[in-house]
Protein chains: 2
Amino acid sequence: MFSIGQLSKQTGVKVPTIRYYEQVGLLVSAGRTEGNQRRYDTDGLERLGFIRHARDLGFSIEAITALIDLQQHPDRSCQEATQIAQHQLTDVREKLLRLKALETELVRIADGCDGEGNSDECYVLASLADHQHCRGEH
Amino acid sequence: MFSIGQLSKQTGVKVPTIRYYEQVGLLVSAGRTEGNQRRYDTDGLERLGFIRHARDLGFSIEAITALIDLQQHPDRSCQEATQIAQHQLTDVREKLLRLKALETELVRIADGCDGEGNSDECYVLASLADHQHCRGEH
DNA sequence: CTTGAAGCTCTAGTGACTAGAGGTTGTAGA
DNA sequence: TCTACAACCTCTAGTCACTAGAGCTTCAAG
Ligand SMILES: [Zn+2]
Ligand SMILES: [Zn+2]
Ligand SMILES: [Zn+2]
Ligand SMILES: [Zn+2]
């Protein structure tokens, strides 16, 4: 049996975060000591590892809840799991497109001024004031 | 003079958002009517355009506050403006790197299962359970 | 002068934590 | 067995940039 602190060390998830996961129903402790402290078994350790990894990949708490639910029912179809993963991939790709567009504009803007002049003739400020300066949409 | 609704239409910023910008000190109205409604002049319109564009480029409220402050003082050096822009560019590039790594892993994960099987042999769930499956860091 | 769209303030909710206050428990060493 | 103190507990509030809603008032067109 592990204390919350030991779980934290093993997974790299902070103690308050583990308590937060319990609050939102993602991870229940195996039980409590007489003095009301949480104790976890290896199941809990593995589940927290799952949560951590999925969070690192950007899955939402809601999505992870659904995935864990699926994992608890080995006889169910995994269709929902692939759908969730596909959705997450789509999401990441959209963000990538947006960020690439931002990068293009920001390179132009940030490199357009050396910071030696005064703000009334600053290319950074002028670019922010008018989207017309931008090469593309963003 | 424009009402808050007219300002909203011209800039594409929602009415509650404009009020929020006032609350955090970004945009003050030119005055109020006898009945306490906000009225803006072209200065306000331009400033809101600036805010909108900077937000679209991902600058934080705090950064925009500093930029507008600088804009109000045309005789000051624009060094801070370029620093803020460079910082934003760095930030975007870091996010891009992270998202690219995520995309790589998610492609593998999402395409690794067709969703036809049961969840106990699902590649998506197995991949999330163990970072060992991953090709790189993320 | 009436009507209804648009305005006002204030509070609370979003997501995924994080920080802090103020109190209790577990455990290792003496 | 006692003591010290790290680790634990709960609860509240703060983060960021909005967004939603309740309940009320004002503006402007017909
Ligand atoms: Zn400059
Ligand atoms: Zn632009
Ligand atoms: Zn599957
Ligand atoms: Zn991984």
- Query: Salt bridge between A:E121 and B:R76, side-chain N to carboxylate O under 4.0 Å?
  - Reply: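 A salt bridge is absent here (no side-chain N lies under 4.0 Å from a carboxylate O).
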Checking [X] side chain against [Y] main chain: does a donor-acceptor pair fall under 3.5 Å?
X: A:T90; Y: A:Q86; result: yes
X: B:E105; Y: B:G136; result: yes
X: A:S119; Y: B:L70; result: yes

- Task: Check the distance between D:dA17's P and B:L26's CG and give it to me in whole angstrom.
- Result: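 Roughly 10 Å, once rounded to whole Å.
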- Roughly how many Å is it from CD1 in B:I4 to P in D:dA28, rounded to a whole number?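 After rounding, the gap between these two atoms is 15 Å.
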- Walk along DNA chain C from 5' to 3' and tell me the first and last nucleotide with an atom closer than 4.0 Å to a non-hydrogen atom of chain A.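 Nucleotide range in contact with chain A: C:dA16 to C:dG26.
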- Considering just the side-chain nitrogens and oxygens of A:R38, establish if one lies under 4.0 Å of OP1 or OP2 belonging to D:dT10.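 Yes, A:R38 has a side-chain N/O under 4.0 Å of OP1/OP2 on D:dT10.
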- Query: Does OP1 or OP2 of D:dC27 have a side-chain N or O of B:T33 closer than 4.0 Å?
  - Reply: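 Yes.
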- Between A:Y40 and A:R47, is any side-chain donor less than 3.5 angstrom from a side-chain acceptor?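 No donor-acceptor contact under 3.5 Å links the two side chains.
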- Any side-chain donor-acceptor pair under 3.5 Å between B:H53 and A:H138?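 There is such a pair (donor and acceptor under 3.5 Å, judged by atom type) between the side chains of B:H53 and A:H138.
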- Between A:G5 and B:R39, who's closer to the 5' end of DNA chain D by nearest nucleotide?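 Residue closer to the 5' terminus by nearest nucleotide: A:G5.
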- Message: Between B:S60 and B:E34, which residue's closest nucleotide on DNA chain D lies nearer the 5′ terminus?
- Response: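 The 5'-side residue here is B:S60.
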- DNA chain C contacts made by residues 6-25 of chain A, counting heavy atoms under 4.0 Å: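 When residues 6-25 of chain A is checked for heavy atoms under 4.0 Å from DNA chain C, the hits, listed by number, are A:K14, A:T17, A:Y20, A:Y21.
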- Side chains of B:I18 and B:S8: does their closest heavy-atom pair fall under 4.5 Å?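 Yes, side chains in contact.
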- Can you find a heavy atom in the side chain of A:T82 that is under 4.5 Å from one in the side chain of B:Y123?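 Not in contact.
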